[in-house]
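In what follows, a structure is listed as structure tokens, so that the remarks can point back to it.
Chain naming here is simple, since letters A, B, ... match the order of the sequence lines and numbering starts at 1 in each.
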Number of protein chains: 2
Amino acid sequence: MKSSSGDHPPLNNTDNSSLDHSDYSLLMLDNQLCFSLYVCSKEIIKKYKPLLDPYGLTYTGYIILMALWEKDNVTVKELGTRLYLDSGTLTPMLKKLEVQGYIKRIRSSTDERNVFIHLTEKGREFREEALQFPKELMCTLDLTPEYAGGLLQALHQMMQKLEVEESQGKD
Amino acid sequence: MKSSSGDHPPLNNTDNSSLDHSDYSLLMLDNQLCFSLYVCSKEIIKKYKPLLDPYGLTYTGYIILMALWEKDNVTVKELGTRLYLDSGTLTPMLKKLEVQGYIKRIRSSTDERNVFIHLTEKGREFREEALQFPKELMCTLDLTPEYAGGLLQALHQMMQKLEVEESQGKD
DNA sequence: TATAATTAAATTGCTTACAATCCAATTAAA
DNA sequence: TTTAATTGGATTGTAAGCAATTTAATTATA
């Protein structure tokens with residue numbers, strides 16, 4: 001209970017002690033949305049490591065499997081859209097997952113540009129193991145479902161904004 | 001205005017169509033806090049690229065400078081703590097920033113294990129240029145200050161939880 | 001049909017990030 | 001003091017991740 005005015009400067013710190021009138025407060029790390037997103041995502045992904053290591057998976061491999069659990073037999077392109085990853089990341093990743101036996105890559109015969117990815121039995125079975133992960137992490141982070149839900153909603157809104165930008169800002 | 005029940009599945013999707021009683025809903029990407037954090041941070045960092053490129057800086061270089069604007073003349077260790085980065089990332093990064101003329105690295109004479117980092121004139125001057133970045137990005141993301149503030153607060157709370165964990169969970 | 005444009009995936013090169021290790025300097029313990 | 005433990009940075013190896021390019025397949029256009 002030492003947080004209120006603790007180590008972290010207040011969000012509206014103005015820091016106008018210098019001579020000019022510039023307001024540098026928006027440049028402070030603690031006021032930067034991107035920095036906290038960046039730190040939180042990195043640190044949480046680190047928490048996944050001990051859970052995933054036993055299965056030879058990384059976080060990226062894990063989200064690929066998650067995407068496939070929701071919708072199996074999709075193209076690399078489709079996976080990339082869903083996961084915000086491009087082929088430069090996915091192709092080697094998928095090859096590795098195939099070697100590990102989690103998925104199969106099958107080039108379409110009707111349109112040979114497409115490679116369809118689908119789960120193997122092992123890939124489907126891993127889902128059962130993964131069922132426990134969210135609980136363990138929620139516990140680690142000590143989040144209530146309501147709180148997490150609110151945060152999620154905010155982040156999804158942001159993702160939508162980011163997507164909208166993408167399709168527009170083709171300057 | 002097509003969002004309300006749009007592309008994103010509802011957060012409490014239960015997906016219990018399968019035969020067993022398992023609740024896979026927590027394993028869905030859209031219900032995963034970490035995944036949205038990961039995507040948001042990556043995508044926003046991409047938005048920084050065109051702003052930073054002209055200065056030869058990456059996002060990581062940028063946050064290093066931000067940290068130094070707040071507190072100059074700190075050790076690599078201290079920077080690492082502030083930025084959640086280790087020496088394996090910082091050392092090469094700092095060497096590059098020094099070559100570019102933004103900072104100087106000076107090994108302490110009283111304790112030669114410490115290397116102090118401080119801004120050069122160029123590093124300080126860049127702060128003035130950076131003053132415009134937050135506005136441009138807030139605009140890009142179309143966020144109100146209140147909304148961003150709330151989100152920030154939530155993320156800082158999470159960072160604190162993550163830190164607490166760190167110092168405890170030495171199993 | 002021949003040619004151009006588009007598309008999906010793969011490849012290449014480069015940067016960030018971290019774990020693990022190493023090394024030198026300092027501090028603690030014997 | 002000598003030896004052991006700790007500390008701060010640097011180094012090494014490996015894995016993402018992305019931009020840019022390439023290749024092959026498909027589709028659109030002339």
Please state how far atom CG in L83(B) lies from atom C1' in dT16(C), giving the value in whole angstrom units.
-> 14 Å

K77(A) side chain N/O closer than 4.0 Å to the phosphate oxygens (OP1, OP2) of dA9(C)?
-> no

Going by the angle between their ring planes, with limits at 30° and 60°, are F126(A) and Y62(A) parallel, tilted or perpendicular?
-> perpendicular

Base, sugar-phosphate, or nothing for T110(A), non-hydrogen atoms under 4.0 angstrom?
-> sugar-phosphate

Under-3.5 Å donor-acceptor pair between S87(A) side chain and dA8(C) base = no

Among dT11(D), dA16(D), dA25(D), which nucleotide sits nearest the side chain of T58(A)?
-> dA16(D)

Which atoms form the tightest heavy-atom contact between K96(A) and G56(A), and what is the distance?
-> NZ-O, 4.4 Å

5'-most by nearest nucleotide on DNA chain D - D111(A) or G61(A) | G61(A)

From the candidates dA8(C), dA25(C), dG9(D), the one with an atom nearest any side-chain atom of R107(B) is dG9(D)

Presence of N114(B) side-chain N/O under 4.0 Å of dG9(D) phosphate oxygens OP1/OP2 = yes

Closest to the R113(B) side chain: dT6(D), dA16(D), dT16(C)?
-> dT6(D)

Take atom CG of L79(A) and atom C1' of dA8(C), then tell me their distance rounded to the nearest Å.
-> 13 Å

Hey, does C34(A) have a side-chain heavy atom less than 4.5 Å from the side chain of I45(B)?
-> yes

Between dA15(D) (P) and L85(A) (CG): distance, integer Å = 17 Å

How many Å lie between CG on D86(A) and P on dT11(C), as a whole number?
-> 14 Å

Does the side chain of Y84(A) get closer than 4.0 angstrom to OP1 or OP2 of dG17(D) through an N or O atom?
-> no

Does the side chain of T60(B) get closer than 4.0 angstrom to OP1 or OP2 of dT15(C) through an N or O atom?
-> no

Identity of whatever pairs with dC14(C) - Watson-Crick or G-U, under 3.5 angstrom | dG17(D)

Backbone N or O of G123(A) within a donor-acceptor pair of the T120(A) side chain at under 3.5 Å?
-> yes

Quick one: is dC18(D) close enough that its OP1 or OP2 comes under 4.0 Å of any side-chain N or O from K46(B)?
-> yes

dA17(C) phosphate, OP1 or OP2: any side-chain N/O from K42(B) under 4.0 angstrom?
-> no

Select from M93(B) and G88(A) the residue whose nearest nucleotide in DNA chain C is closer to the 5' end of that strand.
-> G88(A)

If you pin K49(A) and K96(B) to their nearest nucleotides in DNA chain C, which one's is more 5'?
-> K96(B)

To the nearest angstrom, how far is I44(B) atom CD1 from dG17(D) atom P?
-> 17 Å

Kindly say if Y59(B) contacts the phosphate of dT15(C), meaning a side-chain N or O under 4.0 Å from OP1 or OP2.
-> no

Whole-Å distance between dC14(C) P and D53(B) CG?
-> 16 Å

Round to the nearest Å and state the distance from L57(A) atom CG to dA15(D) atom P.
-> 13 Å

Side chain of V115(B) only, please: which of dG17(D), dA10(D), dT11(D) is the nearest?
-> dA10(D)

Trace of the salt bridge (Lys or Arg N to Asp or Glu O under 4.0 Å) decision for E98(B) with R105(B) | CA-CA 7 Å; E98(B) 183 172 42; R105(B) 297 157 66 245; 3.2 Å; yes

Report the distance from atom NZ of K95(B) to atom P of dT15(C), rounded to the nearest whole Å.
-> 15 Å

Counting only side-chain N and O atoms of R105(B), is one of them less than 4.0 Å from OP1 or OP2 of dG8(D)?
-> no

With heavy atoms under 4.0 Å as the rule, sort F116(A) into base, sugar-phosphate or nothing.
-> nothing

R127(B) to Y24(A) six-membered ring, cation-pi geometry met (6.0 Å, 45°) = yes

Closest to the T91(B) side chain, choosing from dA17(C), dG8(D), dT11(D) | dT11(D)

Less than 6.0 Å separating the ring centroids of Y55(A) and Y102(A)?
-> no

Check every strand shown and say whether L90(B) touches a base, only sugar-phosphate, or nothing at a heavy-atom separation below 4.0 Å.
-> nothing

